[in-house]
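Chain letters run A, B, ... following the sequence lines, proteins first, then strands; residues in each count from 1.
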There are 2 protein chains.
Amino acid sequence: MMPLEVLEQAQAELPDWQHTGMSVAEVSHRSKEFVACADHTQELLRQILGIPDNYRVLFIQGGAFGQFAGVPLNLSKPGDTVDFVLTGQWGTKAFKEAKRFGLNPIAVTDEKASNYTTTPAQGTIQPTEGAAYLHYTPNETIGGVEFGYIPETGDVPLVADMSSTILSRPLDVSKFGVIYAGTQKNMGPAGMAVVIVRDDLLDRARLDTPSIWSYQLMAENNSMLNTPPTFSIYLLGKILEWVIAQGGLDGLAVRNRTKAETFYAFLDASDFYSNPVAHDSRSWMNIPFLMANADLNKQFVAQAEQAGLTNLAGHRSVGGMRASIYNAMPQAGVDALIEFMKEFERVHA
Amino acid sequence: MMPLEVLEQAQAELPDWQHTGMSVAEVSHRSKEFVACADHTQELLRQILGIPDNYRVLFIQGGAFGQFAGVPLNLSKPGDTVDFVLTGQWGTKAFKEAKRFGLNPIAVTDEKASNYTTTPAQGTIQPTEGAAYLHYTPNETIGGVEFGYIPETGDVPLVADMSSTILSRPLDVSKFGVIYAGTQKNMGPAGMAVVIVRDDLLDRARLDTPSIWSYQLMAENNSMLNTPPTFSIYLLGKILEWVIAQGGLDGLAVRNRTKAETFYAFLDASDFYSNPVAHDSRSWMNIPFLMANADLNKQFVAQAEQAGLTNLAGHRSVGGMRASIYNAMPQAGVDALIEFMKEFERVHA
């Protein structure tokens with residue numbers, strides 16, 4: 001979901017961008033206009049996240065799933081041990097993908113026993129000595145499980161798939177070796193990953209890393225080794241301007257916390273609806289909910305869609321319902337959903 | 001460059017697509033609307049190119065440079081011999097990228113002696129016996145060199161990087177093992193490659209092929225193993241509708257041939273401008289040209305830009321000027337350039 005203001009700006013500029021007579025979707029990536037646009041986007045991201053000078057910001061094609069391969073290729077060599085913390089399906093996919101690259105991936109923590117409704121207690125994650133990195137997923141979209149803390153991993157570089165939580169609240173980037181995020185949640189259209197990588201990790205790539213996924217080559221070429229996804233970089237810049245207009249990450253954090261608390265409070269007070277996630281692990285972005293009578297799920301989703309409340313079906317692997325309330329979702333959207341749910345309960349309880 | 005009609009349609013639909021109340025850039029890729037859109041795009045491409053039933057059409061992130069790695073990972077194993085025909089810089093980049101993957105890449109033909117102004121004579125390309133595939137670049141954008149024929153390679157699968165020539169004229173897909181093309185020339189915005197792969201080549205991928213680049217996994221998942229670049233697929237569909245409105249590839253071929261012939265005729269009749277490419281190897285899409293006095297180049301490019309004729313500087317590696325006249329460039333654009341060039345010659349000759 002993207003802010004309507006951003007879409008309207010993009011709409012106004014689509015056929016003629018910056019008086020070039022061309023669309024940003026067709027302008028040359030070597031043009032001074034586009035180079036300035038990409039620099040501006042990167043500068044805004046650095047400012048908003050407070051990215052330290054010893055980190056590089058890369059725009060890489062292939063989204064987060066691409067980085068499930070990109071991270072092992074860039075940070076490990078065959079035979080290395082790599083650690084994973086599993087709190088849901090995305091982390092598990094990253095774990096499985098790592099197995100393609102001749103590694104020894106270890107699930108140092110796996111919350112399967114709780115059916116992925118928990119995060120490990122703070123202080124309990126123990127990286128393997130000598131591991132090339134430890135990977136975790138701060139927010140799992142399907143289970144609606146989010147870490148309330150950043151794991152301490154000592155000398156083992158911490159790698160995070162922040163696709164569904166980046167820009168939702170302030171972040172201490174200096175705790176991480178690599179942060180990556182597919183853009184399609186809080187950062188624009190699908191197709192690109194933002195990768196934030198600490199300088200000292202740039203030179204670890206295997207020779208057989210595809211060039212356009214090599215952190216070092218992309219850093220040396222300012223993400224323009226090949227033609228970058230110009231429209232995605234442009235739209236990300238617009239979204240970052242919107243983030244600043246919302247008061248930056250502090251402003252968005254207040255807004256996101258309020259949205260989430262409103263919805264959880266409603267669910268917890270209800271006998272008709274429930275949320276299965278442990279209180280200290282509840283996501284601000286994705287809130288699954290269940291009804292005691294699961295036979296009503298289809299009806300709920302269909303009637304909600306008629307009321308303009310879309311995308312409420314839970315992931316096909318877990319069923320139930322799920323509200324995804326990313327940055328662009330206003331409080332009014334959450335309030336409207338709650339009103340709909342009250343009425344649905346009134347009719348069906 | 002994209003047709004203005006397409007950009008205007010995309011503009012009109014950007015904030016609210018198909019009455020979903022959402023932009024196609026934010027809609028779920030699992031929604032029935034988007035699945036229908038992606039199917040429609042693929043169906044149009046099959047129809048326009050006459051793609052046989054034993055070929056799969058894949059939408060893969062990372063553009064053509066991604067496929068420089070994707071092809072060796074999908075079609076060869078370490079130690080294999082792979083053949084390359086080099087007629088310019090893009091083929092040479094693909095050749096170099098293949099070296100990352102433990103292969104024995106052989107340049108069976110290299111037109112370096114002519115400074116990449118020629119293609120090999122028909123019938124002279126000899127694949128290595130047992131080669132995993134033979135790769136060539138039907139159109140080289142920087143040198144403006146295009147094949148007038150499809151090489152015969154017998155049992156060795158023929159692989160073509162068609163980024164800058166696809167959809168410019170009819171094509172016999174059945175001659176190829178794999179065709180791939182970055183979308184940013186004749187097929188929309190940057191960030192995606194279309195890959196057309198023959199069924200019998202799907203099962204050759206190495207285990208360490210990143211999943212989102214595995215032809216087999218992408219074929220099994222109808223290009224939706226991960227979130228696809230929805231906006232790019234949507235825009236490609238619009239462009240394909242435009243292609244049909246132009247009379248399909250037959251219609252575009254007439255138009256492109258006329259544009260190119262007009263421009264080459266002007267250059268060949270001139271003592272002031274020249275084109276260095278052999279007559280049988282001249283590109284319909286990219287036409288480099290030189291002036292005897294290279295000191296005038298900067299002035300030419302700057303004055304042309306003032307006259308609204310942009311992107312005329314030659315690639316930095318070869319200098320001079322270059323007109324890129326992709327599908328979306330109308331005859332009037334070529335005529336306007338010729339008029340400008342006549343006036344420039346009148347002042348400076």
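- With a 4.5 angstrom heavy-atom cutoff, A:M1 touches chain B via backbone and side-chain atoms both.
- Neither the backbone nor the side chain of B:T183 comes within less than 4.5 Å of any heavy atom of chain A.
- Neither the backbone nor the side chain of B:I60 comes within contact range of chain A; no heavy atom of the residue lies under 4.5 Å from a heavy atom of that chain.
- In terms of heavy atoms, B:T227 sits closest to A:A190 at CG2-CB, 3.6 Å.
- Using a 4.5 Å heavy-atom threshold, the side chains of A:S232 and B:F231 count as separate.
- With chain A as the partner, the residue from B:S23, B:P229, B:G62, B:P72 showing the most heavy-atom pairs under 4.5 Å is B:G62.
- Looking at B:N311, only its side chain comes within 4.5 Å of chain A, counting heavy atoms on both sides.
- Side-chain atoms of A:S211 and B:F65, non-hydrogen and from C-beta on, do get closer than 4.5 Å to each other.
- Considering only heavy atoms from C-beta on, B:R206 stays 4.5 Å or farther from A:R100 through its side chain.
- Between A:L14 and B:E8 there is no side-chain heavy-atom pair separated by less than 4.5 Å.
- Residue contact with chain B, scored on non-hydrogen atoms closer than 4.5 Å, involves the backbone and the side chain of A:A25 alike.
- A:D208 has its side chain within reach of B:D208: a pair of non-hydrogen atoms, C-beta onward, lies under 4.5 Å apart.
- Only the backbone of B:P228 comes within contact range of chain A, with at least one heavy atom under 4.5 Å from a heavy atom of that chain.
- Both the backbone and the side chain of A:Q11 come within less than 4.5 Å of a heavy atom in chain B.
- A:E26 and B:M2 get closest at one heavy-atom pair: OE1-N, 2.5 Å.
- In this structure, chain B has heavy atoms under 4.5 Å from both the backbone and the side chain of A:A10.
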